[in-house]
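Notes for the one structure printed next.
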Amino acid sequence: MQELEKTIKKYHTRARLSGIFSFAAALLAVLLALGALICAIVAFFSEREVLCYLIACIFLAVTALTAPAAYLLSVLSRRAEALEEDCLERTDGEESFFVGEGTLASFSDGALILHEREGERRISIPYKEIRFLSVCERKAPREKGEWSVAIEVPARYLEKKKTDGAPPLLIRARGKERLYRAIAAHGFSLLGEAPSKGNEKFSLTRRFSIPNRKKRTTGIVVTALGGAAAAAGVPIAVLLDLSFGVVLSFLGVFVLCRGIFLLFRASARFEVYREGIYWRESSRAESFFFKWEEIVRIAPEEREGSPLLLIECFHGEYRIPRAKGAEEFLKETVPALFGGE
C-alpha cells in the first residue's frame, strides 16, 4: 500500500507540472506570435528593417516549437491524471472504479457497491438489476474515440424522491482492461460496441448545412469593416501619413481575415455516413458521432417553433436542429430507425 501511495504522489506531481508547463508554453507561443507581428509592423518604420525581420523570424521559429510542446505536455498531463486515478481506485480494491467525483463502484459477491472514497454512505445494487454497456464517445467521424462503460441501474437507488416507473439511470466509468476483466469475472457480458483501438475514417454519404444567421451577420459586418480599413489605409499612407496608413492597413487585413474565418464557421454541420451520423455545432464547441448500432430511434420534433431531430441512443437522448432535407434522406437511408415510439 505504501508503494501505491508513492506512485499516486508521483503521478499527481507529474500531472500538475505537465499542466503548468503546458499552460506556460501555450502562453509563450501566443506572446511570441504577437511579438513577431509587432516586429513586422515596426520594420516598416525603422531604419533597422533587416534586424526587425530577423527578430520576427526568430520569434516565429520559437513559436513553431513551443506550440507543439504545449500540446504534447497537455497530453502527458491527461495521461498522468488517468494513471493517478487508476492508482486511487486500486487503493480501494482491484475491482473498484470511479463513476463520478469521489464516488466508487466496487464489485462484491452478489451486488455492486456504490460508495464515497472518503465517506461512510454505501448503496448496494443487486447484479440482477444492472446492465453493463460499452460506449465510445466520438468527436469526429472516425473509429477512434474515448471508451467508457455505462452502468445502467434502477433510478430508485440513486434518486432521493422514489418515483415509480422512472427510467433507469446511467453511471459511467472509464473504459479500461481491469474493468472489462472484472465484468467478465462476475459472469456478465458487455453489451453494445466491442472496444477497439482502430482509427479508420468513416465514409460520407450526405452533408447538410444549418446556417447560424446571427454568426453569419457578424461575419459579414466584420469582413466589411476589415476590408474597408485595409483599403482606406492605402490612400492614407500615400497622401497623408505613411505610418498611420500602414498600421491601419495591417489592422484591416487582420480584421478581414477574422471576418472570413467567422463566415466559414457560421454554420453547423449534420452529416450522414455509411456507419452513422455526425453533428458539429457552428462554434465547434460540441460535436458527436453515433454509429447506427447505438441508435435506437430518430424522430422529428418541434420545440418553441424550432424543428429538431431527436436521436435516441441506448445511452441517452440528444436533440439537434433539423436540417432541411435531412428528414427525407434519413427516412430513405434508415427507415427502420426513423419515427416510431
Check for me, please, whether Ile171 and Leu169 land in the same ILVMFWY cluster - side-chain distances under 4.5 Å, paths through other members count. yes

Is there a side-chain contact between Leu112 and His186, using heavy atoms and a 4.5 Å cut-off? no

Can a salt bridge be assigned to the pair Glu271 and Arg207 using a cut-off of 4.0 Å between side-chain N and carboxylate O? yes

Neighbour count above 12 (heavy atom, 6.0 Å) for Tyr180 OH: yes

When you group the ILVMFWY residues by side-chain heavy-atom contacts below 4.5 Å and let the links chain together, are Phe23 and Val75 in the same group? no

Quick one: does Tyr11's side chain get under 4.5 Å of Glu85's, heavy atoms only? no

Just how far is it from atom CG of Leu104 to atom OG of Ser96, taken to the nearest 0.5 Å? 5.5 Å

Hey, are the side chains of Asp86 and Arg174 touching, using non-hydrogen atoms and a 4.5 Å cut-off? no

Tell me whether Lys201 is salt-bridged to Glu275, with the criterion being a basic N under 4.0 Å from an acidic carboxylate O. no

Crowding at CD, Glu101 (>12 non-hydrogen neighbours, <6.0 Å): no

Cluster link Leu310 to Tyr318, ILVMFWY, side chain under 4.5 Å: no

When rounded to the nearest 0.5 angstrom, what distance separates CG in Leu65 from CG in Leu32? 10.0 Å

Taking all atoms of both residues into account, what is the closest heavy-atom pair of Ser106 and Asp92, and its distance? OG-OD2, 3.1 Å

Would you call Val149 and Val135 a side-chain contact if the rule is heavy atoms closer than 4.5 Å? no

Quick check on Glu94: does its CD atom have over 12 non-hydrogen neighbours (other residues, nucleotides or ligands) under 6.0 Å away? yes

May I ask you to decide whether Glu317 forms a salt bridge with Arg297, counting only side-chain N to carboxylate O separations under 4.0 Å? no

Assess the pair Phe132 and Phe107: is the distance between their ring centroids shorter than 6.0 Å? yes

Looking only at heavy atoms, the pair that brings Thr63 and Ala33 closest together is OG1-N, 3.6 Å

Any carboxylate oxygen within less than 4.0 angstrom of a Lys/Arg side-chain nitrogen, looking at Lys176 and Glu89? yes

Without swapping roles, check the side chain of Arg322 against the backbone of Glu301 for a donor-acceptor pair under 3.5 Å. yes

Can you tell me how far apart NE2 (His315) and CG (Leu133) are? Round to the nearest 0.5 Å. 9.0 Å

Taking the side chain as every heavy atom from C-beta outward, state whether Leu309 and Trp279 have any pair of such atoms under 4.5 Å apart. no

Got a donor-acceptor contact below 3.5 angstrom from the Thr333 side chain to the Phe329 backbone? yes

For Arg16, look at atom CZ and say whether over 12 heavy atoms of other residues, nucleotides or ligands are found less than 6.0 Å away. no

Taking atom CZ of Arg319 as the centre, does the number of heavy atoms from other residues, nucleotides or ligands within less than 6.0 Å exceed 12? yes

Glu137 and Ser148: CA distance, side-chain angles, deciding distance, side chain to side chain contact (heavy atoms under 4.5 Å, CB included) verdict: CA-CA 8 Å; Glu137 185 180 347; Ser148 64; 6.0 Å; no

Cation-pi check, Arg138 to Trp147: give yes when NZ or CZ is under 6.0 Å from the six-membered ring centre and within 45° of the ring axis, no otherwise. yes

Distance-only side-chain donor-acceptor flag, Ser77 / Ser18, under 3.5 Å: no

Can you tell me how far apart CD (Glu84) and NZ (Lys10) are? Round to the nearest 0.5 Å. 12.0 Å

Do Leu330 and Leu337 share a hydrophobic cluster, counting only Ile, Leu, Val, Met, Phe, Trp and Tyr and linking them when any side-chain heavy atoms are less than 4.5 Å apart? yes

Of all residues at least two apart in sequence or in a different chain, which pass the ring pair (Phe, Tyr, Trp, His ring centres under 6.0 Å) check with Phe289? Phe202, Tyr273

Side chain to side chain contact (heavy atoms under 4.5 Å, CB included) assessment of Ile125 paired with Ile151: CA-CA 11 Å; Ile125 307 175; Ile151 307 172; over 6 Å; no

Verdict with reasoning, Ile123 to Ile113, per side chain to side chain contact (heavy atoms under 4.5 Å, CB included): CA-CA 6 Å; Ile123 300 173; Ile113 309 298; over 6 Å; no

Note: Phe208 and Ala323 closest approach over all heavy atoms is CB-CB, 3.6 Å

Give a yes or no answer on whether the side chain of Trp292 reaches the backbone of Ile277 with a donor-acceptor pair at less than 3.5 Å. no

State, with a plain yes or no, whether a side-chain heavy atom of Glu193 is found less than 4.5 Å away from one of Glu293. no

Answer yes or no: is there a donor N or O on one side and an acceptor on the other, between the side chain of Ser22 and the main chain of Gly19, under 3.5 Å? no

Tell me whether the rings of Phe288 and Phe290 are parallel (<30°), tilted (30 to 60°) or perpendicular (>60°). parallel

pair Arg269-Ser209: side-chain heavy atoms closer than 4.5 Å: no

Glu129 side-chain N/O to Pro126 backbone N/O, donor-acceptor pair under 3.5 Å: no

Of all the heavy-atom pairs spanning Ser124 and Tyr157, show the shortest one and how long it is. O-CE2, 3.6 Å

Nearest 0.5 Å please: distance from the CD1 atom of Ile210 over to the CD atom of Glu281. 10.5 Å

Take atom CZ of Phe188 as the centre, draw a 6.0 Å sphere, and report whether it contains more than 12 heavy atoms from other residues, nucleotides or ligands. yes

Under 4.5 Å between side-chain heavy atoms, hopping through other hydrophobics if needed: is there a path connecting Leu73 to Val62? no

Shortest non-hydrogen contact between Ile295 and Cys313, atoms and distance: CG1-SG, 4.1 Å

Answer whether the closest heavy-atom distance between the side chains of Phe59 and Leu34 falls below 4.5 Å. no

How long is the gap from OH on Tyr71 to CG on Leu76, to the nearest 0.5 Å? 10.5 Å

Check the pair Leu158 / Leu114 against side chain to side chain contact (heavy atoms under 4.5 Å, CB included), numbers first and verdict last. CA-CA 10 Å; Leu158 301 179; Leu114 300 182; 3.6 Å; yes

